[in-house]
Number of protein chains: 2
Amino acid sequence: MAKINDNGVLREANCSEELMAMRDSLDVLGGKWKLMILRFLTNRTHQVIHFKKMQREIDGISAKMLSKELKELEINLLISRAAQDTKPVTVVYAITEYGKSVLPVTETLVNWGITHREKIIESLK
Amino acid sequence: MAKINDNGVLREANCSEELMAMRDSLDVLGGKWKLMILRFLTNRTHQVIHFKKMQREIDGISAKMLSKELKELEINLLISRAAQDTKPVTVVYAITEYGKSVLPVTETLVNWGITHREKIIESLK
DNA sequence: CATACTAGTTTCTCTTTGGTAACCGGTTAC
DNA sequence: GTAACCGGTTACCAAAGAGAAACTAGTATG
């Protein structure tokens, strides 16, 4: 859309809008852990996921970072948090319907990572 | 693939591989500027792009960061750098064929950013 | 009573990231 | 000569990111 000519004028406005949209995305999804957490929860919609389970299964994440990232994801309505009256207290985290809209992003990143690794291995031969 | 049962065992192995692939991607593409730069260059394949032009058109990036990020992208073969014997010296940056493989990633991020902004605006009404 | 579990929080520290501004060499236009 | 342009680099500094470890509170188990 709005790609009427190729001299760059209308295209440039379009491009800057695209970069702004990407900046919006990166502000919410950027950083070391957020997309990892979202992907993890998306893959486990059939399981009940607790804090400690996530910490054990997402490689390298500390309790501090996990806690902080979960809060931010909850504020942006990408995940839900539900404390249970069990003993000891357990908290169930899950991806929201809105959080599932991020799936295409993590999907492309997973695919790119796989082909990138293949390329690196190929280049070492 | 490998989704033989739903008790979590085979699925989990698959998931951890996915997270590793995403970690690989984020190591190369993560950070504040790399995907922005790649998207910018992808959109301008029909134009000659110099350092100063990028700095002017990628909102908020400093010469220091641009220089640093371009080096890292070049090392990973995602962009090419070609110094021209003009006066003053100009340097032409372009996306490589391999760099174009990142297009699906930036595309999903652009799309998600657009719908996310729409959602935020909607929620303010 | 000691230990262990969940779900975090707090403190301390180090590293990374990132911005500003000055600067460099070379060239060209006024 | 001086100012301006290109393509950066360097120095300085502040803020954020991130890890390790200790710690809290409540419950339960041995």
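Per chain, numbering begins at 1; letters A, B, ... match sequence-line order.
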- Do Ile61(B) and Lys32(B) have side-chain heavy atoms sitting under 4.5 Å apart? no
- Ile58(B) CD1 to dG19(C) C1': how many Å, rounded? 17 Å
- Take the protein atom CD1 of Ile61(A) and the nucleotide atom C1' of dA18(D), then report the distance between them rounded to whole Å. 10 Å
- Specify the separation, in whole Å, of atom CG of Leu66(B) and atom C1' of dT10(D). 16 Å
- Item | Ring-face cation of Arg23(B) near Trp33(A) (centre distance under 6.0 Å, axis angle within 45°) | yes
- Query: With no hydrogens and no angle check, is any side-chain donor or acceptor of Thr108(A) less than 3.5 Å from a backbone partner on Pro104(A)?
  - Reply: yes
- Note on the structure: When rounded to whole Å, the NZ to C1' distance for the pair Lys32(B) and dA15(D) reads 11 Å
- Note on the structure: Given protein heavy atoms under 4.0 Å, the one-letter contact record of nucleotides 4-9 of chain D, with B base, S sugar-phosphate only and - none, is simply --SBSS
- Query: To the nearest Å, how far apart are Ile49(A) CD1 and dT6(C) C1'?
  - Reply: 15 Å
- Does Ser67(A) use its side chain to pair, donor to acceptor, with the backbone of Lys64(A) at less than 3.5 Å? no
- Gln84(A) CD to dG26(D) C1': how many Å, rounded? 16 Å
- Item | the helix from dC1(C)-dG30(D) to dC30(C)-dG1(D): angle between end helix axes, five pairs per end, rounded to 10 degrees | 20°
- With a 4.5 Å limit on heavy-atom distance, are the side chains of Leu78(B) and Val28(B) in contact? yes
- Item | Passing option when His50(A) is tested against Val91(A), Val92(A), Val89(A) for side chain to side chain contact (heavy atoms under 4.5 Å, CB included) | Val92(A)
- Query: Do Ile49(B) and Val102(B) share a hydrophobic cluster, counting only Ile, Leu, Val, Met, Phe, Trp and Tyr and linking them when any side-chain heavy atoms are less than 4.5 Å apart?
  - Reply: yes
- Item | Ring geometry between Tyr93(A) and Phe51(A) (parallel below 30°, tilted from 30 to 60°, perpendicular above 60°) | tilted
- Calculate the interatomic distance between Glu74(A) atom CD and dG8(C) atom C1'; express it in whole Å. 14 Å
- Is there a chain of hydrophobic side chains (I, L, V, M, F, W, Y, each step under 4.5 Å between heavy atoms) that links Leu26(A) to Leu103(B)? no
- Could you check Gly60(A) against Thr86(A) and say which one's nearest nucleotide on DNA chain D is further toward the 5' end? Gly60(A)
- Rounded off to whole Å, could you give me the CH2-to-C1' distance for the Trp33(A) and dG17(D) pair? 12 Å
